[in-house]
**Student:** 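This structure is in structure tokens; I'll ask about it shortly.
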Amino acid sequence: MSASSSEAGAAPAHHQGAAPRAAGGALLLDGKAVAARVRAEVSERAAAFAARYGRRPGLAVLQVGEDPASSVYVRNKRRSSLEAGIESFAHDLPADTSEARILALVQALNHDELVDGILVQLPLPKGVDANRVMDAVDPAKDVDGFHPVNTGLLAQKRPRLRPCTPFGVIRLAQEYGIALTGARATVVGASNIVGRPMALELLLARATVTVCHTGTRDLRAEVERAEVLVAAVGKAGFIPGEWVRPGAAVFDVGINRGSDGKLVGDVEFGPAAARAGWITPVPGGLGPMTIAMLLSNTVDAAYTRAGVWPPPSLRRE
Ligand code: NAD
């Protein structure tokens, strides 16, 4: 959103007054604070579900092997589930578990009435076909939103369970009153779990969307045009701050270790923050939002499985 854009800031953004600014002027999009709000909503809906159906919504988290980063994510997801009043079912399998055994467990979870959401933590060990495992998850329990049925529904503008990180970007934009309709949005990265569904979410929000990837000829030109920029590349500081359009809304999905061992995003933060209108910090941006949207999806899945559609979070009054 350029500073001159008539849509920028047009919506009443209740956070803008109080939100802290990064050095140079961009408003910090506080993923931690918004995620806390989403989690509070989830807790209320989970409690209402438990009161009505006599059980808590359930999330099964399946981890194969002990990838250290995955273990941290999985621990966080389990703790956040419990705090939100969601039952957590842990399935930790050894790294040498066969694909057949993983598929059998997924089938058992598909049929388990107490399980509303199934999360398969990626990456899976070498030799296991991740697509096959993900495809085996019942789409109604696919709280990651990675199943081709859920991706397809999103592509056809009738989303059900939506991929958590892209959904988190949309929710953050809404919370800060960042107008997406008509905005020139550029997504850098085209993976199945972030870039592609992000493009579909932005299209659903009626932005004009460009998707960049390793085949893109002139990345700088594409980034410079972006009023809304989403970076999902996986390379520390890959997008120079000077490429950022003045006044743009920058959503940095990347989580990388910088040379000093600290977590950094895909965008060169300092110089980008000096030019942008809004920017997400790393950490504290889309990481917490992703977990919050996962919990929200789990409660949505529970209500949907109980025959309530649309679930409370998706109703428009
Ligand atoms: P990925 O490796 O699957 O995809 C990276 C994408 O970047 C690819 O589409 C590739 O074409 C593109 N790319 C790579 N080099 C490029 C270049 N030189 N020019 C243009 N495009 C280029 O990664 P992913 O799974 O999509 O994850 C991306 C980043 O997001 C990672 O840092 C990951 O850790 C992070 N991530 C964060 C969250 C979160 O909760 N915040 C969730 C998922 C992923």
Side-chain angles (χ1 to χ4, degrees), residues 28-32 34-35 38-39 61 63 67-81 119-124 130-131 134 143-146 151 162-173 185-202 209-226 229-240 243-244 250-259 261-269 279-297:
L28 278 178
L29 298 170
D30 188 345
K32 241 169 138 173
V34 174
V38 173
R39 290 205 313 269
V61 181
Q63 188 185 4
D67 177 71
S70 293
S71 298
V72 173
Y73 292 140
V74 164
R75 261 203 310 278
N76 275 340
K77 287 169 188 172
R78 285 181 186 146
R79 201 195 46 229
S80 309
S81 304
L119 186 147
V120 179
Q121 183 62 42
L122 299 175
L124 289 168
N131 279 338
M134 312 298 274
V143 285
D144 258 335
F146 294 161
T151 308
R162 298 159 71 162
C164 304
T165 304
F167 198 11
V169 169
I170 299 297
R171 176 73 192 252
L172 255 189
T186 299
V187 182
V188 186
S191 70
N192 284 336
I193 64 170
V194 189
R196 273 163 209 262
M198 187 71 249
L200 293 172
E201 283 285 357
L202 287 164
V209 185
T210 302
V211 188
C212 301
H213 42 75
T214 47
T216 297
R217 202 183 311 133
D218 187 352
L219 184 63
R220 177 175 187 154
E222 303 298 345
V223 170
E224 282 178 340
R225 247 197 305 276
L229 176 66
V230 182
V233 183
K235 293 179 181 164
F238 174 73
I239 296 178
W243 291 10
V244 170
V250 178
F251 297 89
D252 192 347
V253 173
I255 301 178
N256 316 286
R257 288 257 167 232
S259 46
K262 288 195 180 138
L263 289 184
V264 290
D266 289 344
V267 178
E268 195 192 8
F269 185 81
I279 191 165
T280 54
V282 178
L286 290 157
M289 285 305 295
T290 297
I291 295 190
M293 300 323 282
L294 168 76
L295 303 177
S296 178
N297 277 351

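When a ligand or atom number is given, it counts from 1 through the structure's own listing order.
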**Student:** Are any non-hydrogen side-chain atoms of V187 and T210 less than 4.5 angstrom apart?
**Tutor:** no
**Student:** Looking at residues at least two apart in the chain, or sitting in another chain, which of them share a side-chain contact (heavy atoms from CB on, under 4.5 Å) with K32?
**Tutor:** D30, P288
**Student:** Exactly which residues line ligand 1, taking a heavy atom under 4.0 Å from it as the test?
**Tutor:** T165, G189, A190, S191, I193, V194, H213, T214, A232, V233, G234, K235, F238, V253, G254, I255, N256, L286, G287, T290
**Student:** Could you tell me the separation between the CD1 atom of I170 and the CD atom of E201, rounded to the nearest 0.5 Å?
**Tutor:** 5.0 Å
**Student:** With the side chain counted from C-beta on, respond yes when N192 and T151 share a heavy-atom pair under 4.5 Å apart, and no when they do not.
**Tutor:** no
**Student:** My understanding is that only residues two or more places apart in sequence, or in another chain, count here; which of them pass side-chain hydrogen bond (donor to acceptor under 3.5 Å, both in side chains) with S191?
**Tutor:** none
**Student:** Apply side-chain hydrogen bond (donor to acceptor under 3.5 Å, both in side chains) to E268 and list each qualifying residue two or more places apart in sequence or on a separate chain.
**Tutor:** none
